[in-house]
Amino acid sequence: METRAPYVLIGSFVLAAIIAVFGFVYWLNNTGGVGPRTNYHVQFQGPVPGLLVGAGVLFNGIRVGEVTQLGLAPDNPRFVNATISVAATTPVRTDTRVGLDFQGLTGVPVVTLEGGMIVAKSGEVLTLIAEAGAGQSMTQAARDALRRVDTVLEDNSGPLKDTIANLKTFSDGLARNTGKIDGILAGLEKMTGGGTPAQKITYDLRTPQNLGPAGKTLSASLAIPEPTAVAMLQTQRMLFSPVGDNPGFAEFLWADSIPKLLQARLIDSFENYDIAHAPLRSADLGQADYQLLIDVRRFRITTEGETRVEIGLSARIVDKNGKVVASRIIEASEKLDKIEPAAAVAAFDAAFARLAKELIGWTVQAV
């Protein structure tokens, strides 16, 4: 008997210690620890699903107390009365907003308090009225919203059916008149200048082949830089005098801008005359003995008087020192029977052939 007495004493002590720890934890959780407390009455104007005695009370997100009592309002069973106990230092005011929040994945309900400015009278037990629908969870809110939508659809089922029928009639009418609608849209597109732009057609200036035998060749190296021209001539469009647009040339383009095109075809012409002493471009390696400087004065179709094409160049031959060795103006024109792209290009080819032959002969004699 004496041997078992210490074991009974030890067991009793351990059990008492466990009970004391559980009691302390329960007290700490439900009263928030030591310190003065203040009680407030809260009234919810609707259900408070899941709210229990001991649920937390948060002020601006900080736990300040817990729910100590719950019950139905005697005068209105739709309302729920609750008593909360919070730390006395909590700044609860008469206009503090009260709500119910659901925290965590399981949606544990807590009472929430926010803000407030009006201080209650001393000694008065403050009653806080929760916002309408404060106890409504997200799921319940979604159900209510769907229920309202269903009610609206049910009340307006007749007008909705009529609207759908009218849409079907309208779509059937569109289907029957697709061709007419396409024609109307095409007309509007044409009137406003829209639609896919027309494909441009590129034309080249033909290099003359029969320049005669090279009776005299170039005795020194020659370079032909890109000709100079006024801004109006820096174009690929066909130019007219008087200035204006011709509908037949709306899609017309020269193969390059007029100065670059003339440079390329003049070099080709010199090569056809004497390939062994063909001139260089200014960008080629080495420095030529002479430069043939060209300024484009005219390259157009003239409709004043007899319709014709005109090409006018100002040519100067300059040595390495920049001294002008020779200069002259070379012009050529060709009668144009019909103002259309193909006929105009053929006339320019004929005029350029005569101009190139004259320019080559003059250059060969000058250098």
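Values reported hereafter were calculated over all heavy atoms of this structure, with side chains retained and with hydrogens, waters and symmetry mates removed.
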Can you tell me how far apart [atom1] ([X]) and [atom2] ([Y]) are? Round to the nearest 0.5 Å.
X: Leu70; Y: Phe44; atom1: CG; atom2: CZ; value: 8.0 Å
X: Ile18; Y: Leu15; atom1: CD1; atom2: CG; value: 6.0 Å
X: Leu205; Y: Asp256; atom1: CG; atom2: CG; value: 11.5 Å
X: Glu114; Y: Asn60; atom1: CD; atom2: CG; value: 6.0 Å
X: Thr302; Y: Leu239; atom1: OG1; atom2: CG; value: 10.5 Å
X: Ile294; Y: Leu292; atom1: CD1; atom2: CG; value: 4.0 Å

Please report the shortest heavy-atom distance between [X] and [Y], naming the atom on each side.
X: Ala351; Y: Ile311; value: CB-CD1, 4.1 Å
X: Arg63; Y: Gly56; value: NH1-CA, 3.3 Å
X: Pro225; Y: Gln291; value: CG-OE1, 3.1 Å
X: Ile317; Y: Ala366; value: CD1-CB, 3.4 Å
X: Ala288; Y: Leu222; value: CB-C, 3.9 Å
X: Ala332; Y: Leu355; value: CB-CB, 4.0 Å

Test your reading of the model: is there a side-chain donor-acceptor pair from [X] to the backbone of [Y], 3.5 Å cut-off?
X: Thr94; Y: Ile118; answer: yes
X: Asp95; Y: Gly116; answer: no
X: Ser269; Y: Thr207; answer: no
X: Arg37; Y: Ser85; answer: yes
X: Asn272; Y: Pro208; answer: yes
X: Thr163; Y: Pro159; answer: yes
X: Thr112; Y: Gly99; answer: yes
X: Thr68; Y: Thr83; answer: yes
X: Glu304; Y: Pro242; answer: no
X: Lys200; Y: Ala250; answer: yes

Under the side-chain contact (heavy atoms from CB on, under 4.5 Å) test against Asp155, which residue among Thr151, Val152, Leu153 passes?
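When Thr151, Val152, Leu153 are each tested with Asp155, the side-chain contact (heavy atoms from CB on, under 4.5 Å) holds only for Thr151.
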
Taking the side chain as every heavy atom from C-beta outward, state whether [X] and [Y] have any atom pair closer than 4.5 Å.
X: Tyr273; Y: Val364; answer: yes
X: Gln234; Y: Ile258; answer: no
X: Val98; Y: Ile129; answer: no
X: Leu100; Y: Val110; answer: no
X: Glu226; Y: Lys260; answer: yes
X: Phe348; Y: Leu336; answer: no
X: Val92; Y: Tyr40; answer: yes
X: Leu359; Y: Trp362; answer: yes

Any pair with a residue in residues 60-84 that passes ring pair (Phe, Tyr, Trp, His ring centres under 6.0 Å), sequence neighbours left out, goes on the list, sorted by first then second residue, please.
none

Assess the residue pair Val367 and Val325 against the criterion (side chain to side chain contact (heavy atoms under 4.5 Å, CB included)); give the C-alpha distance rounded to whole Å, side-chain angles, the decisive distance to 0.1 Å, and a yes or no.
CA-CA 8 Å; Val367 300; Val325 176; 5.8 Å; no

Report, as yes or no, whether the 6.0 Å neighbourhood of atom CZ on Arg206 holds more than 12 heavy atoms from other residues, nucleotides or ligands.
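Check fails, neighbour count at 12 or below.
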
A quick test of your reading: do over 12 heavy atoms of other residues, nucleotides or ligands sit less than 6.0 Å from CZ of Arg316?
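Result for CZ/Arg316: open.
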
Decide whether Ile360 and Ile330 are clustered together by the hydrophobic rule: side chain heavy atoms of Ile, Leu, Val, Met, Phe, Trp, Tyr closer than 4.5 Å, transitively.
yes

What about Leu313 and Val318, same hydrophobic cluster or not, with Ile/Leu/Val/Met/Phe/Trp/Tyr joined at side-chain heavy-atom distances under 4.5 Å?
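Result: no, two separate clusters.
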
Results of side chain to side chain donor-acceptor pair (under 3.5 Å) for Ser314 - residues two or more places apart only
none

Taking the basic N atoms (NZ, or NE/NH1/NH2) and the acidic carboxylate oxygens, is any pair closer than 4.0 Å for Glu306 and Arg308?
no

Flag the pair Arg265 and Asp268 as a salt bridge only when some basic side-chain nitrogen lies within less than 4.0 angstrom of an acidic carboxylate oxygen.
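Between Asp268 and Arg265 there is a salt bridge, with a charged N closer than 4.0 Å to a carboxylate O.
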
Which side-chain hydrogen bond (donor to acceptor under 3.5 Å, both in side chains) pairs, counting each pair once, include a residue from residues 321-333, with sequence neighbours left out?
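The answer is Arg298-Glu331, Arg328-Glu358.
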
Determine whether Val53 and Gln69 satisfy the following criterion, side chain to side chain contact (heavy atoms under 4.5 Å, CB included), listing intermediate values before the conclusion.
CA-CA 6 Å; Val53 174; Gln69 187 177 353; 5.6 Å; no

Indicate the ring-plane relationship of Phe299 and Trp254, choosing parallel, tilted or perpendicular according to the 30° and 60° boundaries.
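Because their plane-to-plane angle is over 60°, the rings of Phe299 and Trp254 count as perpendicular.
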
Side chain to side chain contact (heavy atoms under 4.5 Å, CB included) for Ile339 and Phe240? Distances and angles first, verdict last.
CA-CA 11 Å; Ile339 303 179; Phe240 289 86; 4.2 Å; yes

Working note: Asn246 + Thr303, criterion side chain to side chain contact (heavy atoms under 4.5 Å, CB included); need CA distance, chi angles, decisive distance, verdict.
CA-CA 11 Å; Asn246 190 299; Thr303 57; over 6 Å; no

